[in-house]
Amino acid sequence: MSRRFLLVGLTGGLATGKSTVSDILRRLGCIVLDADVLAREVVEPGQPALATIAQEFGADVLQADGTLDRKRLGAIVFADPPRRRRLEAITHPAIRDRYLARLAELEGQGFEGVVVWDAPVMIESGGYKHVDRLVVVITDAATQRARALARDGDRADVERRIASQMPLADKAALADHVIDNSGDRAATEARTREVHAALMADARRLSGR
């Protein structure tokens with residue numbers, strides 16, 4: 001069965017507002033598959049990936065109730081690129097399996113429209129090469145840092161996380177559509193609606209409507 005929906009990658013950087021854009025696209029009728037949600041599912045208690053993480057990074061990354069202490073693990077891996085790559089080697093295959101199963105389900109249902117794959121490291125992992133269109137959410141550096149600090153409050157951690165990511169300009173250079181979220185919500189919503197209209201036109205061409 002040939003796929004009748006347009007598969008769109010959505011990515012950005014720390015505190016650029018990707019979730020804002022994702023929420024708008026969802027309200028406009030897109031199906032959004034969120035890598036962060038899948039990432040939480042694959043490390044729930046009882047999942048093989050969680051046991052492997054505890055073995056690799058130590059029991060300290062587990063909370064008293066057996067769930068993953070994401071903040072503690074994040075502090076370890078963002079400060080140490082080889083260990084971050086090791087974590088990704090554990091979690092990414094499990095995330096990808098769930099993602100592909102969901103795509104197969106939508107294909108089997110004959111869904112027509114736009115499916116958004118919302119993933120923070122889509123470009124770094126090479127996953128952007130397997131989508132039909134790529135949308136990158138950016139913001140200026142000062143706004144990115146201010147939003148990240150307001151959310152987290154730890155300046156050193158924010159700087160470490162930003163430094164660990166691919167520069168936004170490099171991501172934007174690969175995009176089919178760029179959404180600048182440096183301004184207010186209304187401006188971001190207007191630009192997202194423009195991008196959505198273009199994606200829907202592509203989806204209609206794909207499905208022959």
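Along the sequence shown, residues are numbered consecutively beginning with 1.
Ion pair Arg85/Glu88 not flagged as a salt bridge, since none of the NZ, NE, NH1 or NH2 atoms sits closer than 4.0 Å to an Asp/Glu carboxylate oxygen. Using a 4.0 Å cut-off between charged side-chain N and carboxylate O, Glu159 and Arg145 make a salt bridge. Residues Arg193 and Glu189 are paired through a salt bridge, judged by an N-O separation under 4.0 Å between the basic side chain and the carboxylate. A salt bridge does not link Asp36 to Arg40: none of the charged nitrogens lies less than 4.0 Å from a carboxylate oxygen. For Lys18 and Asp118, the salt-bridge test passes: some basic side-chain N is under 4.0 Å from an acidic carboxylate O.
The CG atom of Asp202 sits 4.0 Å away from the CZ atom of Arg133 when rounded to the nearest 0.5 Å. The distance from atom CZ of Arg86 to atom OG1 of Thr91, rounded to the nearest 0.5 Å, is 10.0 Å. With values rounded to the nearest 0.5 angstrom, Leu7 atom CG is found 11.0 Å from His130 atom NE2. One distance of note links CZ of Arg147 with OG1 of Thr16; it measures 8.5 Å at 0.5 Å rounding. With rounding to the nearest 0.5 Å, the separation of CZ in Phe57 from CG in Asp80 is 8.5 Å. Going from atom CZ of Phe78 over to atom CG of Leu73 covers 9.0 Å, rounded to the nearest 0.5 Å.
Both Leu50 and Val42 sit in one connected hydrophobic cluster of ILVMFWY residues. Membership requires side-chain heavy atoms under 4.5 Å apart, directly or through other members. Residues Ile123 and Val131 share a hydrophobic cluster, clusters being chains of Ile/Leu/Val/Met/Phe/Trp/Tyr side chains in contact below 4.5 Å. Taking hydrophobic clusters as Ile, Leu, Val, Met, Phe, Trp and Tyr residues chained together by side-chain heavy-atom distances below 4.5 Å, Val37 does not share a cluster with Tyr99. Linking Ile, Leu, Val, Met, Phe, Trp and Tyr whenever their side-chain heavy atoms come within less than 4.5 Å puts Trp117 and Val115 in one cluster. One hydrophobic cluster, built from ILVMFWY side chains closer than 4.5 Å, holds both Val77 and Ile53.
Here the side chains of His177 and Leu199 are in contact, with some heavy-atom distance below 4.5 Å. Side-chain atoms of Leu174 and Met166, non-hydrogen and from C-beta on, do get closer than 4.5 Å to each other. Between Leu134 and Met122 there is a side-chain heavy-atom pair separated by less than 4.5 Å. At a threshold of 4.5 Å between non-hydrogen side-chain atoms, the residues Arg161 and Gln165 do not count as touching.
The nearest pair of heavy atoms linking Val136 to Gly12 is CG1-CA, 4.5 Å. What you find for Thr11 and Pro120 is that their closest heavy atoms are OG1-O, 3.1 Å. Taking every heavy atom of both residues into account, Asp180 and Ser182 meet most closely at OD1-OG, 2.6 Å. Between Leu168 and Gly13, the closest heavy-atom pair is CD2-N, 3.7 Å. When all heavy atoms of Ala15 and Ala148 are compared, the pair lying nearest together is CB-N, 3.6 Å. In terms of heavy-atom proximity, Gln47 sits nearest to Glu41 at CG-O, 3.5 Å.
Under a cut-off of 6.0 angstrom, the local environment of CD in Gln55 is sparse, with at most 12 non-hydrogen atoms contributed by other residues, nucleotides or ligands. The number of heavy atoms from other shown groups lying within 6.0 Å of CZ (Arg155) does not exceed 12.
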- CA sep, side-chain torsions, deciding dist, call: Arg102, Leu38, side-chain contact (heavy atoms from CB on, under 4.5 Å): CA-CA 11 Å; Arg102 183 68 176 123; Leu38 299 188; over 6 Å; no
- Candidate pair Asp60 and Arg72, rule side-chain contact (heavy atoms from CB on, under 4.5 Å), full reasoning: CA-CA 8 Å; Asp60 285 350; Arg72 183 184 289 271; 4.1 Å; yes
- Given the rule in the salt bridge (Lys or Arg N to Asp or Glu O under 4.0 Å) test, do Arg3 and Glu107 qualify, once you have shown the distances and angles that lead to the verdict? CA-CA 6 Å; Arg3 179 159 57 77; Glu107 186 174 339; 5.4 Å; no
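With hydrogens and angles disregarded, no donor-acceptor distance shorter than 3.5 Å links the side chain of Arg98 to the backbone of Ala39. Judged purely by atom type and a 3.5 angstrom limit, Gln144 uses its side chain to pair as donor or acceptor with the backbone of Leu14. Side-chain atoms of Asp132 do not come within 3.5 Å of backbone N or O of Val8 as any donor-acceptor pair.
Considering Val21, Thr20, Val135 as possible partners of Thr192, the one that fulfils the side-chain contact (heavy atoms from CB on, under 4.5 Å) test is Val21.
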